[in-house]
Number of protein chains: 2
Amino acid sequence: MAERGAGGNTSGRGTPGRRTPDRNTSGQGNGAGATGRARVAAVRSRPTLHEVAKEAGTSRSTASRALSGQGYVAAEIRERVRAAAERIGYVPDTMARTLKGHSSRLVGLLVSDLRNQFYAELAAGVEQVLGTDGYQMVLVDDHGEPEREVAGATAFVAMRAVGVILTPARGAATKLLADRGVSVVEADRRSGRGRCDSVVIDNEGGAREVTRHLLELGHKRVALLTDETVWATGADRLRGYRAAHRAAGVPLDRRLVLDVGFKAAGAQPRVAELLDRHPDITALFAVNNLMAETAWMELRRRGLSVPGDVSLVSFDDMPWMRMVEPGVTAVAQPTYEMGRRAAQLLLRRIASRDVDTPVAGRPVRETMQPALIRRGSTAAPSGSAAG
Amino acid sequence: MAERGAGGNTSGRGTPGRRTPDRNTSGQGNGAGATGRARVAAVRSRPTLHEVAKEAGTSRSTASRALSGQGYVAAEIRERVRAAAERIGYVPDTMARTLKGHSSRLVGLLVSDLRNQFYAELAAGVEQVLGTDGYQMVLVDDHGEPEREVAGATAFVAMRAVGVILTPARGAATKLLADRGVSVVEADRRSGRGRCDSVVIDNEGGAREVTRHLLELGHKRVALLTDETVWATGADRLRGYRAAHRAAGVPLDRRLVLDVGFKAAGAQPRVAELLDRHPDITALFAVNNLMAETAWMELRRRGLSVPGDVSLVSFDDMPWMRMVEPGVTAVAQPTYEMGRRAAQLLLRRIASRDVDTPVAGRPVRETMQPALIRRGSTAAPSGSAAG
DNA sequence: CTGTTAGCGCCTTCAC
DNA sequence: GTGAAGGCGCTAACAG
């Protein structure tokens, strides 16, 4: 029962709750079964093609053809088989079919944190497209841990998934899959390993736009709040932040870049510390929705006025950002669309492979444009500058 | 390419975004393949047990035993096989294994709307437990459409999922699965069909508490904003709302119950209309987070002060509710925990079936307690009453 | 047009 | 301890 109580103080989801078992009869060694001991788990053996054939008075292969629509079958027989299948509630065994045909309808999706609405949106987009095409989505949450990422990838190989969409961390998973001939599409991030299609957001461009927006308002001391600056979106956003400074001729101060680390439990104190140390900061650029949440809470805790004392921008727009007063200026990412697009690319890749297109072309690398949404949280700094 | 553009004006997620294809070479009928036509999709045939055996110089059965750890095998041979498997990158085929053993490691999860954070949390909880136990989660989003629900259930049967967790709409899916011997756990809602375990929130109790809270503050005209009042949580919450009124001796006015219908695109106008028609309303009880969002937006649009003019409560707490000013009083549901719990129940049920426990006991029906979190959005009505 | 045969990759008796 | 044989449910050749 030991729980790790996932989630630090910045994301207090998952409220506790007491349980009230109305009835509970899972008695492990209860011995004397009460009344009905009759049906002893009549579970096993769902109807098979054999049953259908028997019921319809044909052979198994005919039944197979009738149901799958492949090959010749007399219209009358076909109907008879269909009826029989319907009657006994036959559902073809995907596993067996896959075993034979070398190609399942399973697609893996590997994300970093399903509780983050960003990834949930992404997953929803993927599912939408997959479902429409009759594919099934197997979802694995690696919680940002490289080991689980690899474990997930291995599981996908084991279940003979036709393809995998992932938000890569270190790239080992991509390589593993690609090496085994599983089609891969990377979403939101690129690992650089393995030849695969990918869809990402223009992180550098978005960050540049955000930063420029702040600088144009007159801010000189803009802090960047991030959770990593090396391997993923964080790196690109940091790049955009710097580029905008250079372009505007505003000096960079690396002390204003706060990297709290991934899975940062105590992010808010770090933000507090930053603000204490640099009271001349007039604007905060939060690199994702979680950091924005943290920043917002801390600003409010201090009783600072937004944007009067400090301006705030978020990379990644969330519903709450237009519910609060003032609304939070944010870069809206087409997350759901990105999920949809990733799935479309994957499906296309799979199809082209089915047709055995020679080498099937170079990897498709798409970039989607985010959009800056200006709300009330950004304005010119109070005086003209601070000391 | 026809898109239904899911989502009405109340949940403007999924911001648009232009695409910038950097490279794109999926030319459908491109004919002349460029340079490297060499490797013609060396995809098929991942290494099989046969290869491992050959590599290790044993028979397939020995290799099987060595890897699965079942049956006798000389320590030395075992090591040799393991090494061989490792070397050639062997990953056992789950499909084949399932075909033989009648039991996959696949668990289905069927939810109504993954873009709603509530369901995302639920899914995350389920995934967490499943992943820890080496099970895979196949996620289907039925978008609240009964047909897709049944289609999803059928898909689960087809892939021989060992179990399924679902948030039932009409109950057909539950029955379908139960009839075919698939273990089912219902979460968040109960369909009443099929003998299955279930975990739900105490919706009636929670709603009663919310309503009592408002009535105790002195409100006499409390509107209920809901999206359905018949088959699911809406019914129970309505029941709680009524019960609290009766208990407090406050007369019920059915005109104050606004049912906008599931998938309500134009919910906000309906709320507006309600407020126009009944200016004596002093408190709003939103039955879920989406309705709360709508209500909040409408109150703000009208420039009404909360709680000065109108109090607001939400059933289902969301991050934004503590970010806004004043914070929104809400009933926090242990959603993530409910997902975890559902998965645990399912796993237990599966295990008990493996052991062939006779009839395995009556269904386990658990109820989790939500918690009312009082924030600034509720207070005594302005005067003492209105006319 | 239909039935018979074989085999996908694995596990599991059963002899040796 | 190890190998050979059979079969899970299905489909893709073949004959008839």
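Here is how names work: the chains are called A, B, and so on, in the same order as the sequence lines, proteins then strands, and each is numbered from 1. As the structure is a prediction and not an experimental result, all values here were calculated from the model.
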Rounded off to whole Å, could you give me the CG-to-P distance for the B/Leu99 and D/dC8 pair? 9 Å

Separation of D/dC8 atom P from A/His50 atom NE2, nearest Å, is 9 Å

For B/Arg189 and B/Ser112, does a side-chain donor sit closer than 3.5 Å to a side-chain acceptor? yes

Is a donor-acceptor pair below 3.5 Å formed from side chain A/Ser61 to base C/dT5, judging by atom type as modelled? no

Please determine, for the side chain of A/Ala74, which listed nucleotide (D/dC8, C/dC1, D/dC10) has the closest atom? C/dC1

Any N or O donor-acceptor pair linking the side chain of A/Arg65 to the base of C/dG3 at under 3.5 Å? yes

The nucleotide from D/dC10, C/dC10, D/dT2 with an atom nearest the side chain of A/Arg60 is D/dC10

Roughly how far apart, to the nearest Å, are C/dC1 and D/dC10 at atom P? 25 Å

From the options D/dT11, C/dC11, D/dG3, select the nucleotide whose nearest atom is closest to the side chain of B/Arg97. C/dC11

Phosphate-side-chain proximity, B/Tyr90 and C/dC10, N/O vs OP1/OP2 below 4.0 Å: yes

Whole angstrom is fine here: how far is it from CD in B/Gln70 over to P in C/dT13? 10 Å

So A/Thr48, base contact, sugar-phosphate only, or nothing? Heavy-atom distance under 4.0 Å. sugar-phosphate

Please tell me whether B/Arg160 and B/Thr98 have a donor and an acceptor in their side chains that are separated by less than 3.5 angstrom. no

Interatomic distance where CZ belongs to B/Arg80 and C1' belongs to D/dT2 [whole Å]: 12 Å

C/dC10 P sits how many Å from B/Leu67 CG, rounded? 9 Å

Give the nucleotide from the list D/dC10, C/dC11, C/dT2 with an atom nearest to the side chain of B/Leu49. C/dC11

Nearest non-hydrogen partners of B/Val162 and B/Ser103, listed with the distance: CG1-OG, 3.9 Å

Would you mind telling me which residue lines up with the more 5' stretch of DNA chain C, A/Ile77 or B/Val91, judged by nearest nucleotide? A/Ile77

Euclidean distance, atom CZ of residue B/Arg46 to atom C1' of C/dC8 [Å, nearest integer]: 13 Å

Among D/dA12, D/dT2, C/dC10, the one nearest any side-chain atom of A/Lys100 is D/dA12

Heavy-atom pair with the smallest gap, counting every atom of A/Ala63 and A/Thr58: N-OG1, 3.9 Å

Atom CZ of B/Arg160 and atom C1' of D/dC8: how far apart are they, to the nearest Å? 11 Å

Minimal non-hydrogen separation, B/Ala187 against B/Ile165, with atom names: CB-CG2, 4.2 Å

Would you mind reading off the distance between A/Asp93 atom CG and C/dC10 atom C1', rounded to a whole angstrom? 14 Å

A/Ser64, nearest nucleotide to its side chain (from D/dT11, C/dT12, D/dC10): D/dT11

From the set C/dC10, C/dG9, D/dT2, return the single nucleotide nearest to any side-chain atom of B/Thr62. D/dT2

Positive for side-chain contact (heavy atoms from CB on, under 4.5 Å) with A/Phe156, one of A/Val182, A/Leu166, A/Leu106, A/Leu110: A/Leu110

